[in-house]
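The structure under discussion appears below in the form of structure tokens.
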Amino acid sequence: MWQAPPAPVSREWLPVLDMPAPGPQNRWTVLLRALLLIPQFVVVWVLTVVAFLVTVFGWFGALVLGRLPDFVADYLTAFLPYDTRVTAYLMLTVDRYPPFRFEVPDYPVQVDLRPGELNRLAVLFRIILVIPASIVQGLVNAGWWMVSFALWLVVLVLGRMPQPLYEATAAIVRYRMRYAAYLVMISSAYPKRLFGDEPGSEPQGPASATRPLVLSGAGRGLLVLFLILGLASWATGSITASVNSDENDDNDVHTGPAERVVAPLVPGPADHVPRE
């Protein structure tokens, strides 16, 4: 009997995040988490500035070569795991402080990135193509941070992160990593699977608590809640910005021509320009 040929196997590699299951956390490190990370914030900021410049160069290189230049790929595949480790620690999923090194094979948070061939057309329109993923990751991150104080209290009191909260937070960290990998062209795979993987999706069996990342009903519910809160935050910010814009338009009636010309050149909001 004739059989249809097997479907072609996709060569597109979706970046992988490996993290351990939630465990006990030192309440002192939870209490002082943001303060402890101040040196890391400085380092990440510097690395991000370099990553931006390298990515711009890599964009032109990818248009010509159909892939990232080697030195660009090397830097970004080192930077992105570093940033992810700091994010995972900040969002209370792990208790071990991230080291100030690129290569840390013994750290509990690992990222598997495999730069490869890129579609030149997708590279050309990358900023436009990434907009939907940018909105999703922006909303879910904003929602998490809206209730971050309550989440921090939960972990502080319990001395560990509850499983549903861990699942939802790990999903956010993973989606953010995949979004960044696509944005900087380390990956050609569009960011996906915010709500986790199907059970048994790893043919060789589970490799970590997040590979595959299977979310419970409670974990999915928390993700939906974060998305709703993020949307509410965005709507509130839009309304506030609209009201402030209307007030500024009214104030412009009393603003002289010279002030209206100088205002855009002054750092900060235009209403900080001294008025006579």
Side-chain angles (χ1 to χ4, degrees), residues 14-27 29-31 33-34 37 80-81 83-96 98 107-112 132-183 189-202 206-236:
L14 191 61
V16 171
L17 174 68
D18 283 310
M19 293 202 305
Q25 298 203 34
N26 186 313
R27 288 183 173 86
T29 63
V30 173
L31 177 66
R33 186 64 51 99
L37 277 174
L80 192 53
D83 176 73
T84 302
R85 290 192 294 267
V86 173
T87 301
Y89 183 75
L90 174 63
M91 297 180 75
L92 306 172
T93 56
V94 292
D95 193 48
R96 181 177 165 188
Y107 192 76
V109 177
Q110 296 292 322
V111 175
D112 191 354
S134 176
I135 293 172
V136 171
Q137 75 91 24
L139 290 178
V140 75
N141 271 281
W144 193 95
W145 284 105
M146 280 187 69
V147 293
S148 60
F149 181 74
L151 305 182
W152 172 76
L153 282 179
V154 169
V155 179
L156 183 62
V157 171
L158 298 179
R160 64 185 300 123
M161 179 171 275
Q163 182 66 28
L165 179 57
Y166 171 84
E167 295 169 359
T169 305
I172 294 172
V173 174
R174 187 178 74 164
Y175 192 87
R176 178 182 181 274
M177 177 271 294
R178 288 178 172 175
Y179 160 76
Y182 181 78
L183 178 63
Y190 201 81
K192 55 178 72 75
R193 299 179 190 170
L194 173 64
F195 286 90
D197 306 313
E198 294 296 325
S201 57
E202 285 292 326
S208 70
T210 55
R211 182 163 44 140
L213 178 58
V214 180
L215 272 64
S216 62
R220 290 172 180 259
L222 282 173
L223 273 180
V224 172
L225 175 62
F226 295 149
L227 284 168
I228 293 173
L229 290 174
L231 186 60
S233 174
W234 173 81
T236 303

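Just so you know, residue 1 is the first one in the sequence shown, and it goes up from there. Being a predicted model, the structure only gives us computed values, none of them experimental.
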Closest heavy-atom pair and its distance - [X], [Y]:
X: Arg178; Y: Pro15; result: NE-O, 2.7 Å
X: Pro206; Y: Pro212; result: CA-CD, 3.9 Å
X: Ala133; Y: Tyr190; result: N-OH, 3.2 Å
X: Ala168; Y: Gly219; result: CB-O, 3.7 Å
X: Leu223; Y: Leu194; result: CD1-O, 3.4 Å
X: Leu215; Y: Ala171; result: CD2-CB, 4.4 Å

Say you draw a straight line from [atom1] of [X] to [atom2] of [Y]; how long is it, rounded to the nearest 0.5 Å?
X: Arg176; Y: Leu80; atom1: CZ; atom2: CG; value: 8.0 Å
X: Leu153; Y: Leu31; atom1: CG; atom2: CG; value: 10.0 Å
X: Met161; Y: Leu151; atom1: CE; atom2: CG; value: 7.0 Å
X: Ile228; Y: Phe226; atom1: CD1; atom2: CZ; value: 11.5 Å
X: Met177; Y: Asp112; atom1: CE; atom2: CG; value: 9.0 Å
X: Leu227; Y: Ile172; atom1: CG; atom2: CD1; value: 8.0 Å

Handout entry: Residue pairs fulfilling side chain to side chain donor-acceptor pair (under 3.5 Å) with at least one residue in residues 152-163, sequence neighbours excluded
Key =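 Residue pairs with at least one partner in residues 152-163: Gln163-Glu167.
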Please list, one pair per line, the donor and acceptor atoms closer than 3.5 Å that link side chains of residues 136-150 to other protein atoms, with sequence neighbours excluded.
from   : atom 1 : to     : atom 2 : distance (Å)
Gln137 : OE1    : Asn141 : ND2    : 3.2
Asn141 : ND2    : Gln137 : O      : 2.8
Trp144 : NE1    : Thr169 : OG1    : 3.1
Ser148 : OG     : Trp145 : O      : 2.9

Exercise for the section: Would you check if Leu225 and Leu229 make a side-chain contact, meaning some heavy-atom pair closer than 4.5 Å? Expected result: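 Yes - at least one pair of side-chain heavy atoms lies under 4.5 Å apart.
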Practice task
Report yes if the side chains of Arg33 and Gln25 come closer than 4.5 Å at any heavy-atom pair, otherwise no.
Solution key: yes
Handout entry: Heavy-atom donor-acceptor pair, Arg85 side chain to Val109 backbone, under 3.5 Å
Key =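 Checked: no pair found.
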Practice task
Hey, could you give me each pair passing salt bridge (charged side-chain N to carboxylate O under 4.0 Å, His left out) that has a residue in residues 211-232? Not counting sequence neighbours.
Solution key: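 Sorted pair list: Asp18-Arg211.
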Exercise for the section: Taking only Lys NZ, Arg NE, NH1 and NH2, and the carboxylate oxygens of Asp or Glu, determine whether Arg27 and Asp95 approach each other closer than 4.0 Å. Expected result: no
Practice task
For Thr210 and Arg174, test the side chains for any donor-to-acceptor distance below 3.5 angstrom and give the result as yes or no.
Solution key: no
